[in-house]
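One structure is given here, and the rest of the page talks about it.
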Amino acid sequence: MERVSIDEERCKSCGLCISICPVKILIISDRLNARGFRPAQCTDQDKCTSCGSCALICPDIAIELHREVKV
Amino acid sequence: MERVSIDEERCKSCGLCISICPVKILIISDRLNARGFRPAQCTDQDKCTSCGSCALICPDIAIELHREVKV
Amino acid sequence: MAEQMKVIYERPRSWANKVTHYCPGCTHGVAHRLVAELVDEMGLVDKTIGVWPVGCAVLGYDYFNFDSVEAAHGRAPAMATGIKVTNPDNFVFTYQGDGDLASIGMAEIVHAAARGWPITVIFINNGNYGMTGGQMAPTTLLGQKTTTSPLGRTPQANGFPIRVAEMLAQLDGPAYIARVSLDSPVNIRKAKSAMRKAFNAQVRGIGFSLVECLSTCPTNWKLTPVESMERVRKEVMPYFPLGEFKVVEGVL
Amino acid sequence: MAEQMKVIYERPRSWANKVTHYCPGCTHGVAHRLVAELVDEMGLVDKTIGVWPVGCAVLGYDYFNFDSVEAAHGRAPAMATGIKVTNPDNFVFTYQGDGDLASIGMAEIVHAAARGWPITVIFINNGNYGMTGGQMAPTTLLGQKTTTSPLGRTPQANGFPIRVAEMLAQLDGPAYIARVSLDSPVNIRKAKSAMRKAFNAQVRGIGFSLVECLSTCPTNWKLTPVESMERVRKEVMPYFPLGEFKVVEGVL
Amino acid sequence: MSDKVLMKGAEALAEGAIQAGCRYYFGYPITPQNETPEYMSRRLPEVGGRFVQAESEVASINMVYGAACAGVRVMTSSSSPGISLMQEGISYISGSNVPCVVMNAMRGGPGLGNIAPAQADYFQAVKGGGNGDYKRIVFAPSSIQEGVDLFVDAFELADKYRMVVMVIVDGLIGQMMEPVEFKTRIDVSTLKTPEWATVGRHGRDHANIITSLTLDAAGLEQWNLKLQAKYAQVELTESRIEEYQMDDADYAIIAYGTMARIAKTTIRIARAKGIKLGLLRPITVWPFPAKQIQTYVGKLKGTLTVELAYRQLFEDVQLALCGKIPLGWYGRGGGVVPGPQEILAAFEEQFGKGR
Amino acid sequence: MSDKVLMKGAEALAEGAIQAGCRYYFGYPITPQNETPEYMSRRLPEVGGRFVQAESEVASINMVYGAACAGVRVMTSSSSPGISLMQEGISYISGSNVPCVVMNAMRGGPGLGNIAPAQADYFQAVKGGGNGDYKRIVFAPSSIQEGVDLFVDAFELADKYRMVVMVIVDGLIGQMMEPVEFKTRIDVSTLKTPEWATVGRHGRDHANIITSLTLDAAGLEQWNLKLQAKYAQVELTESRIEEYQMDDADYAIIAYGTMARIAKTTIRIARAKGIKLGLLRPITVWPFPAKQIQTYVGKLKGTLTVELAYRQLFEDVQLALCGKIPLGWYGRGGGVVPGPQEILAAFEEQFGKGR
Amino acid sequence: MEHNVVIAGFGGQGVMLIGELLARAGMEEGKEVTWLPSYGPEQRGGTANCAVVVADEPIASPLLTEPQAAIVFNRQSFDKFEPAIEKGGLLVIDSTLIDRKASRADLDVVYIPATDIATELGNSKFTNMVLLGAYLGKVNPISIASVHGALSVFLTGKKAALIEVNKKALQAGVDFVNKK
Amino acid sequence: MEHNVVIAGFGGQGVMLIGELLARAGMEEGKEVTWLPSYGPEQRGGTANCAVVVADEPIASPLLTEPQAAIVFNRQSFDKFEPAIEKGGLLVIDSTLIDRKASRADLDVVYIPATDIATELGNSKFTNMVLLGAYLGKVNPISIASVHGALSVFLTGKKAALIEVNKKALQAGVDFVNKK
Ligand SMILES: Cc1ncc(C[n+]2csc(CCOP(=O)(O)OP(=O)(O)O)c2C)c(N)n1
Ligand SMILES: Cc1ncc(C[n+]2csc(CCOP(=O)(O)OP(=O)(O)O)c2C)c(N)n1
Ligand code: SF4
Ligand code: SF4
Ligand code: SF4
Ligand code: SF4
């Protein structure tokens, strides 16, 4: 499972997550979703620090975050 | 001309002037005016100090005050 | 050396010389008189438009010699705004009860105050709805019995009362906001001077002004006029303190 | 030792999983999400009734899994009062824009706050009327251009803006009143904790609560979402300071 | 007589509503019906209900809207200007398909007018008022007792059809006292919360949503067609009329509420003079009892519509009778209530001595 | 073509009002007429007027009331729910005998409904609405150009009769663009302040008082009789109708506003098929052009009333024709606007192939 | 049989109260009754009147444009209602407060110095009861005993002490017209 | 003669603008014109369309239930308007964004990769002009010159610089259908 999973059909390409990501791993992709938006995408899952900022700011609840833990 | 002149037809017998007159010269008369009220009256014009309190508190603008002055 | 009569107090000229329909001892009459005196003293009779409320003062327009209109319940500030905007040089005031201003007309008074445009509001706080027979008003005190708070006002059943002057003073718009009382000669004198400032705030184009007048309703309070004045001092003033809550520069 | 995925953030369960009709970057979505999260976290989904406004959030009811009603423009607090009174154990909140709450609905919000009865208000201050195309709101800043203040708002032409939180905090009724901002992760975290207090004020029966959220309207501001966040910090916050304006005992 | 109590109309109607199961009242004072909210403020807490004095009539009707969404029996009352302020709310409630009862104690208009009895809000109640195509059932009692009895029907029909029911009276009925008996008492514990009510899911498998919004035109048209079908059903089954001394009548007065009551005295006088006059009294003014009135086509030489308004009820009479019976009209305005003799004079002026 | 400009209806109507001498506008945004206040906010300051965004429609109409008392040309505009909120104010203005103009860009209802075109506020505009017996002149333009032209008449008649004049359109007229020409420009400097206006005495020997209150019933009745006499005069002289292809018509569509316009296309298609169809288009819906329509009794085989509402206009047609011509009806709701073919289909369904 | 009367005076003179007393007494006797008030704009003072009908049959109009009788407490009410009374009707006048005489010859007029009588009984507040007594002394819609019964509905608690003096005032009115 | 067309797509794709351009150009030629918009609930995004009529005679209905032509910018609009077009009418499709083919055989269908063409011209924002060009290449309600004239009404001040590239995009659309 990805650490940063962005639901492309929900994303409206607002760019807010990108603007606040501290490790700069989010970009706008060049795909178009069904509603005509180019969704955000994560360029490097491993760099995600799970700070949660992108999920906190995403107005479309497009981002879910997970992290692998040793059990 | 009276110092304290009370327009009896305007007076509604509320008693406010009486309650605040510092020299206690106002009373409720026992006449009835046309509207069925017993108007206030002044018992001693000469004692009036022209303090103006009764005119200030009368809600019916029933009281006018004058004072003789030497010219 | 002749003797002549000096006038200490005479009926104001802008007063239309009718007997009012107010109950004996009701301080609506006092507030009316102060308006008339100030209109006289400030020479405003020719340019005044009074905006009367729905409430005991609904017939107010009959008692003055200046132009008047009768507003819908609570909407006097909106109507006054319409009048003032068309003739900015006129003197436009509203005269409103606490049901009218603080209940149904809350949006209109807040927005008139917020706009800050120069109109003047004489606000009669008598703690209930006089005209309709003594129902609870937004200004009814906790514990006070009215015909719609028969067991005495409680926060749970009826909510808390509202202090209008303090609330409106929070806004940027108003130039002058004060609370006065009509319970005694000394307070009536102070009331008049507050009202003069309020009138002045408009005449000098500074902005919105409002004077909240603690007033009586002997009939519905079921007290004599004299007891009513007493009640204002003992019960009303502690919750509704007198004072000036907003005075912007230039108001005098 | 196996590896497992720990959830850092997942879509709230009370979120109905639809794509909203909001413009890209509009913080209405953020405020919605916080509501959903709190309803989840506080276990309220079964007893919540949301009261939605006329404004961009008019379809809000479509996005949540709890009961909802759609109020008339500005009247959400009245409708919420009607609902709460009949079922005092339910959790009732209104969600209102600044046109809805601070313009047409001013009387209703002041009176709901004054009553002090436990309902919760999420108030979205985005400085204009989003849904109808960017007209001036009571919260529009001086100088700000909107479609009905085309030269920029001036006191003379348009009146002064209104600070709702400060004004309502003057009343005796409210238990909790705060202003938060949705412009950044840190402020969004603070917003959520303010909203939690507001929810709690109701759940614990303490009283009326309101959280004013500084929000964006990129479409009508004609700025990008990122620029809009910037504007909130640079232009909006100086006039609308963040903070808690009223916290009565017991609110936490 | 022991069951009869002497009560002011405005209070008796309030008690009638409570007997009908109303436990929530939201309102704002206005003459001539202040006794209704005042009574509610005393009585409702006694029966486990809630009285809320709203900040305005706009707030009242929206509080009613909220409570109606919760599926309880709820009402408000007001008088003419206050009812005008409720029109948006009434339209919303109608458009949302939730039930409530609204009483209007009509007074002289237009505008502030005065507080004297009038029937000039007839059009507002039965035709226009708020925006959009909607109807409310409108009861027009002509005595306190009838008003009390109709309140039960008002709440029952409101619930049955999920719609606004109005009760229109005038200051005269509101202010007068008459002996009244409370015959029906609804046990509120038997009233079930409807399944559409927004009372929290509490385990329900879906969320309830109540709204009058349907952005899509085709969808809103479907919604309207549903409402129209309901209204058609109500028109078919719920119209009511009182027919008084109609058996042998040559002429009929058509009047409702207070006017109908006064007209009964007119009829007594007229019959004493040999004029065979009867009364057709709509008890519901919407649905208008047109069918019932139409049965007199061919039997009557004329009707005189009498109302405290200018040709409002008269339009519905025209629509019902459409020139098939000569139609006279007599109306007064501004709060003037004509006496029985004045009505008779109007009748004789328009129909001669009634032969 | 140089005098024509391409404008959105909502803006053109605003400019039309300004050309008619309107210098004061008070309003609150609502779709589908936001362009009207927005345009006013730009233009009025340019021509020495004032635009005020009110806090609500209730405040708007009461600001209008104030300005109307000052004797200026003043207007507001809104759409259905907003107009519902103005009913008390409209009643007051009517009861006070002061002039103003109110535009309603009707949308789908009831309640919040939607923003699509509708005509379901017909009853509200012509019958009910606020409290008491009052009427407003109601213009129903069917093109932007006509709307612009009628605004001049609206303000003239408002002033002449001292009454509320309404202009009812729908979102379709408000939102569409058409070329429009502004033919009449009222020079506001020629408009005199009426002697009854409350503009301060400024030497006048008496105070002017404007009120809708008359406590005494007899007095208020007299006042009402004056109003009624005025309305009777207006009914006599101000009703207007467009008769389109009626010379040889066997059948007529009766429709107003947008529906009438679409019906013209229906008529074109019908005539191509050999059906002699014409159009009776009320330009004023109050006073309703009943007299003009009645001239067709004996000439027509049937009429089809077409409206974006459920039997509202239809009632006025019924009152006018009272069974003297077979009456068909076709209406749509919720913002659905039928095309010309659908109207024709409805016609053929009700009247066969029109022979 | 139907009896009806208009009772008119200033607000505060107890006009409404005696009307209600009459109606309540009628109800207790099993009669049909209506009581219809009418007020001026004033909350206190100003004129007020009520119309009371007591009948054996259901009452059609509660509104009296031509009352059978009027009891008037002040000059304004006198002027207003004298012309309205039906031919041969009854007019009861408080002659202490009203110094004019009736101008109609077709009426049965009672001039009773009710305020004076009441004052003698201890308080002018009982004037209304004296006038009611005078009316009941003339016509008999209901029995005095029923009025006594109704009085006890109004005067309860501390006010119960006033029942006796009210009865006396009532009787004084009855006696005044009977001895005449 | 009457020409009418529906132009439909997402808000923000310039759908309304080219409709207005068409209407304005028609007006400049002295024709009767109407332009009628229709929006979804969204302020940004969401679907939007407008109906334009250009005619020699006064226009009765501005509402097009059976348009002669449709220009569609996205899949939703394609699905909605394809069935509505009158028999033998014209359908102009941005084939860059819409991958489906028309299902009706009785239509004249233009598949034009308008977004691609516009992007080549420098910015996908000019897609609307390319599509308008394609429409005008097929039917002739008004001349291209009039559209050029109308363009200068819209693009003034700083935006005047964009007139040339808009004209180019328009021409590219015309050329696309003509060369076919
Ligand atoms: C729309 C509307 N609602 C209610 C009323 C009834 N009404 C008349 S005066 C009044 C309240 C009066 O109280 P207040 O404003 O405090 O003034 P007061 O009489 O005490 O001076 C009310 C509710 C009305 N006339 N119009
Ligand atoms: C009575 C009434 N007036 C006006 C409107 C039109 N209207 C819809 S939303 C709105 C304002 C929206 O602004 P706001 O409340 O600030 O919310 P936002 O859209 O910005 O979230 C208005 C005026 C309406 N629907 N009903
Ligand atoms: S914040 Fe959300 S909607 Fe915006 S770009 Fe990122 S994922 Fe997309
Ligand atoms: S204050 Fe005035 S009204 Fe009151 S008693 Fe004195 S004079 Fe009479
Ligand atoms: S009811 Fe009260 S406020 Fe009204 S006039 Fe009487 S005392 Fe004054
Ligand atoms: S118009 Fe503004 S407030 Fe509304 S959804 Fe778009 S950005 Fe958000």
Side-chain angles (χ1 to χ4, degrees), chain C residues 51-61 68-76 78-79 97-110 128-140 144-162 164 220, chain E residues 8 10-11 14 24-46 48-63 76-89 105 107-115 171 174-175:
Chain C
V51 183
W52 298 94
V54 182
C56 278
V58 72
L59 288 171
Y61 51 71
S68 280
V69 298
E70 167 55 42
H73 191 33
R75 319 307 174 188
M79 200 173 181
D98 40 17
D100 193 78
L101 179 141
S103 192
I104 191 170
M106 182 55 92
E108 286 74 16
I109 196 66
V110 169
N128 70 26
Y129 289 15
M131 173 173 239
T132 44
Q135 294 82 8
M136 187 182 74
T139 48
T140 297
Q144 187 179 337
K145 287 183 185 167
T146 69
T147 56
T148 52
S149 58
L151 304 176
R153 181 177 197 153
T154 65
Q156 294 70 34
N158 316 98
F160 289 91
I162 298 178
V164 170
N220 291 304
Chain E
K8 262 203 173 184
E11 296 190 342
Y24 298 93
Y25 177 97
F26 303 86
Y28 187 80
I30 184 168
T31 311
Q33 59 81 61
N34 291 309
E35 294 82 356
T36 302
E38 288 170 358
Y39 186 88
M40 289 294 195
S41 77
R42 296 194 297 275
R43 273 287 282 156
L44 279 175
E46 292 174 8
R50 271 302 287 276
F51 161 86
V52 178
Q53 183 171 316
E55 55 271 33
S56 69
E57 292 85 355
V58 170
S60 305
I61 193 69
N62 283 288
M63 290 178 181
T76 186
S77 63
S78 185
S79 175
S80 308
I83 298 287
S84 292
L85 285 171
M86 293 185 188
Q87 294 306 320
E88 188 204 24
R107 55 188 247 182
L112 188 50
N114 61 24
I115 59 174
Q175 296 305 304

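Quick note: numbers below take in every heavy atom, side chains included, and nothing from hydrogens, waters or symmetry partners. Throughout, protein chains are lettered first and strands after them, A, B, ... in sequence-line order, and every chain is numbered starting at 1.
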(request) Answer yes or no: is there a donor N or O on one side and an acceptor on the other, between the side chain of E:Q53 and the main chain of C:M136, under 3.5 Å? (result) yes
(request) Tell me, out of C:A137, C:G105, C:P150, C:G159, who's got the most heavy-atom pairs with chain E below 4.5 Å. (result) C:P150
(request) Considering non-hydrogen atoms only, spot the tightest contact between C:S103 and E:Y28 and give its length. (result) OG-CE1, 3.5 Å
(request) Measure E:Y39 against the heavy atoms of chain C and call it side chain, backbone, both or neither at under 4.5 Å. (result) neither
(request) Can you see which heavy atom on C:I104 is nearest to which on E:S56, and at what distance? (result) CG1-CB, 3.4 Å
(message) Please classify the contact between E:L85 and chain C as side chain, backbone, both or neither, with a heavy-atom cut-off of under 4.5 Å.
(response) side chain
(message) With heavy-atom distances below 4.5 Å as the criterion, would you say the side chains of E:N34 and C:T147 are in contact?
(response) no
(request) Below 4.5 Å from any heavy atom of chain C, which atoms of E:A54 appear? Answer side chain, backbone, both or neither. (result) backbone
(message) Using heavy-atom distances under 4.5 Å, tell me whether C:A157 contacts chain E through its side chain, its backbone, both, or neither.
(response) backbone
(request) Output the distance between atom OG (C:S149) and atom CZ (E:R42), rounded to the nearest 0.5 Å. (result) 12.0 Å
